[in-house]
2 protein chains.
Amino acid sequence: MHKEVTIYDIAEKLSISASTVSRALNANSLVSKKTQQKIIAMATSMGYRSNTFAANLRMQRSNTIGLIVPRLNSYFMSEVISGIESVTNDAGYNLIISQSMENVDKEISNLKTMFNNRVDGLLVSVAAGSNGLTGFDIFRDRKIPVLFFDRAPHGLTVPSVTIDNENAAFLITQHLIEMGAKNIFHITGHQSVSVYKERTSGFKRALLAAGLPFNENQLIVTDLSEKAGIAAAKLIAELKGDGVFAANDSCAATCMNELKLQGFKIPQDVKFAGFNNDLISRNIDPALTTINYPGFEMGKVIAAKLLDHLSHKSDLHSSPLITMKSELVIRASSNYKP
Amino acid sequence: MHKEVTIYDIAEKLSISASTVSRALNANSLVSKKTQQKIIAMATSMGYRSNTFAANLRMQRSNTIGLIVPRLNSYFMSEVISGIESVTNDAGYNLIISQSMENVDKEISNLKTMFNNRVDGLLVSVAAGSNGLTGFDIFRDRKIPVLFFDRAPHGLTVPSVTIDNENAAFLITQHLIEMGAKNIFHITGHQSVSVYKERTSGFKRALLAAGLPFNENQLIVTDLSEKAGIAAAKLIAELKGDGVFAANDSCAATCMNELKLQGFKIPQDVKFAGFNNDLISRNIDPALTTINYPGFEMGKVIAAKLLDHLSHKSDLHSSPLITMKSELVIRASSNYKP
DNA sequence: TTGAAAGCGGTACCAA
DNA sequence: TTGGTACCGCTTTCAA
């Protein structure tokens, strides 16, 4: 077993005190330039590495921020994480991540773990069915900042960064209507998830505004998987849909491809729209109309906001509800007027 | 400031010793059922949370595993991470992640951070140009297990889990040749990255085996971005390529789409193949022939192997070089015989 | 500018 | 089965 080098070992070699070594290593101005250089040289040559546990234990902070998301495996989430990491890493923070698997109990258990690890702050996109309260109380009590993003808890005024899902859905549905669609279907996810619920309501509002009837069976609630898109296609073909707005791009893509296979012409017979502006939306044929939802940017924004709060540069609660801009991207899957 | 509850607080309330409290909380069999229950009840009611720093400091371990990858933002990587997290989370380990941004210096700096955080083990996919040695010495010295995956350092017998890139590339190129392609281009990444180098060499071997000539300009070295695919398409059109094998799916997709725009018929005029079996490969038109490279599975495998090593169930070094199986998935983008 | 010493909150050895 | 106590390695107050 390789014995770890501690500041005491360095102190002993140099016949000085551990306090001075600690100060030197932390670039504390109280030590003289000369001794500092001596200490740093010795530390390097001895292969000294700071023990963050000891430091954290003493300082009551971790230099770590936690991230909890429903699922890690999506292109969008990978963009978000990349954005977060780039900011936290530059600021010298660690990033510890976990996924709730869309399960509230797991989310609570992850919250406990994050708490025990004394994260300095937390970024959360909630699981379906989470109220944003249960399990979060410990953080509120200890004033550990929690910033929600993408999926914020419904009806709570807690710091969050989201996009205007309702409006985005309204705009994209309106666009499908303008292109002549009259029997539009909306493929969505569990309505306990804020973003899906909001998109649904934007969808309905657009129908209403255009004077189009709305029937419950126009709402296809699924898990938004690739398979779900294919299943939805069959339903839509039966019910003679002429427009489809799916709550994510991959589901829109598989649905559209299935309808193509069945002989439907896109956009002539059926107009399509997705959500997210994923890689896939740009590369299918025809290219998919969608909402540009910049994950990398959002990751950078939320990480920066949290770190600013931690360094007292700004307060998360001064303007808790941040809405990022998203935009309608019109592509060939819908762009057709008879 | 909310004062943290410690085991001493609990001990005092119950007029017992901190040792007993510690034992009870850790379900140590030395405490009586009765006192244990009493302690746990009290701990809950007082809102006690274990301080992992103190425990880690004392136990010289962190219950944390580290992950360093070149880039977080890809569908493949999101699958890998999801797989890793599902295993580490179940085992009660934390996962701390960082990206080297394909930069060796950043990789080294990330390694230091991981080390200072006393990760119990490390999972690494190396940056372009990394030799897998510089910066890793501290881990070898302290016998902290490092398991490489996907991109392992070239020419080193270190524990790694990879796929047989050379052979996969050989098979997919051979397939293109069988389908009648004679002037095949390979879009690849920096050749300092093991996986790209290996795929290139499999590509060349297949040409050789079929008696086809090889010219350096058949190798298009890029950053494998979406844009790179489009640029490559222009080159391939000029040089009258009739087959393309790209080292990832997204680049293959954009390249294929660009050629389609230019009026080429796929697969009649140009046969296409990618790598990874990303979401996108299944949903573009025509669907893309590719190599199925199961990221989620790989994530689970590497996490499990590392944890098994940590719990002494098996030794990483007993069979260091693990090759996972990958397979050729033939789809419409290449499946055409004149 | 430097040193001594007291914690931070656990764990585990030794004794009872 | 329980208690006393000595650490784990670092930071910081107070004194010199």
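Letters A, B, ... mirror the listed sequences (proteins, then strands); counts begin at 1. Treat the numbers as computed from the prediction; the structure is a model and nothing was measured.
Summarising the local packing, NZ of B:Lys106 is surrounded by more than 12 heavy atoms from other residues, nucleotides or ligands at distances under 6.0 Å.
With rounding to whole Å, B:Glu4 atom CD is found 11 Å from C:dC8 atom C1'. Taking atom CG of residue A:Leu14 and atom C1' of nucleotide C:dG3, one finds them 14 Å apart after rounding to whole Å. Rounded to an integer number of Å, the gap from A:Asn117 CG to C:dG9 P is 16 Å. Atom CZ in B:Arg61 sits roughly 18 Å away from atom C1' in D:dG9 (whole-Å rounding). Taking atom CD of A:Glu12 as the reference point, atom P of D:dG9 lies 14 Å away to the nearest angstrom. In this entry the distance linking CG of B:Asn28 with P of D:dG3 reads 14 Å, nearest Å. In this structure, B:Leu57 atom CG and D:dC7 atom C1' are separated by 9 Å, rounded to whole Å. Atoms CD1 (A:Ile10) and C1' (D:dG9) sit 11 Å apart, rounded to a whole Å.
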Distance-only donor-acceptor pairs under 3.5 Å for side chains of residues 15-28 of chain B, two or more places apart:
unit_1  : atom_1 : unit_2  : atom_2 : d
B:Ser17 : OG     : B:Ser19 : N      : 3.4
B:Ser17 : OG     : B:Thr20 : N      : 3.3
B:Ser17 : OG     : B:Thr20 : OG1    : 3.1
B:Asn26 : ND2    : B:Ser22 : O      : 2.9
B:Asn28 : OD1    : B:Leu30 : N      : 2.8

Throw together a table of side-chain donor-acceptor distances under 3.5 angstrom for residues 294-312 of chain A, partners on residues two or more places apart or in other chains.
unit_1   : atom_1 : unit_2   : atom_2 : d
A:His309 : ND1    : A:Leu316 : N      : 2.9
A:Ser311 : OG     : A:Leu307 : O      : 3.1
A:Ser311 : OG     : A:Asp308 : O      : 3.3

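A search for ring-ring contact (aromatic ring centres under 6.0 Å, His included) contacts involving B:Tyr93 returns nothing, not counting sequence neighbours.
With A:Phe115 as the aromatic partner, A:Arg118 meets the cation-pi criteria of under 6.0 angstrom to the ring centre and within 45 degrees of the ring axis. A cation-pi arrangement is not found for B:Arg151 relative to B:Phe149, the charged atom failing to lie both closer than 6.0 Å to the ring centre and inside a 45° cone about the ring normal.
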**OP:** Between protein and nucleotides 10-16 of chain C, map the contacts as a letter string: B base, S sugar-phosphate only, - none, heavy atoms under 4.0 Å, written 5' to 3'.
**Re:** BBBB---
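The shortest distance between the side-chain N/O atoms of B:Gln60 and the OP1/OP2 oxygens of D:dC7 is not below 4.0 Å. An OP1 or OP2 oxygen of C:dT1 is reached within less than 4.0 angstrom by no side-chain nitrogen or oxygen of A:Thr20.
Using a 4.0 Å heavy-atom criterion, one finds that A:Thr35 contacts the sugar-phosphate atoms exclusively.
Within the structure, the ring-ring contact (aromatic ring centres under 6.0 Å, His included) test picks out the following pairs touching residues 21-77 of chain B (sequence neighbours left out): B:Phe76-B:Tyr293.
For the pair B:Leu72 and B:Ile81, the minimum side-chain heavy-atom distance is below 4.5 Å.
Helix-axis bend for the helix from C:dT1-D:dA16 to C:dA16-D:dT1: the local axis fitted to the five terminal pairs at one end deviates from that at the other end by 30°, rounded to 10°.
Among the nucleotides C:dG3, D:dG3, C:dT2, the one closest to the side chain of A:Ile16 is C:dG3.
In terms of modelled atom types and a separation under 3.5 Å, the side chain of A:Asp9 and the main chain of A:Thr6 share a donor-acceptor contact.
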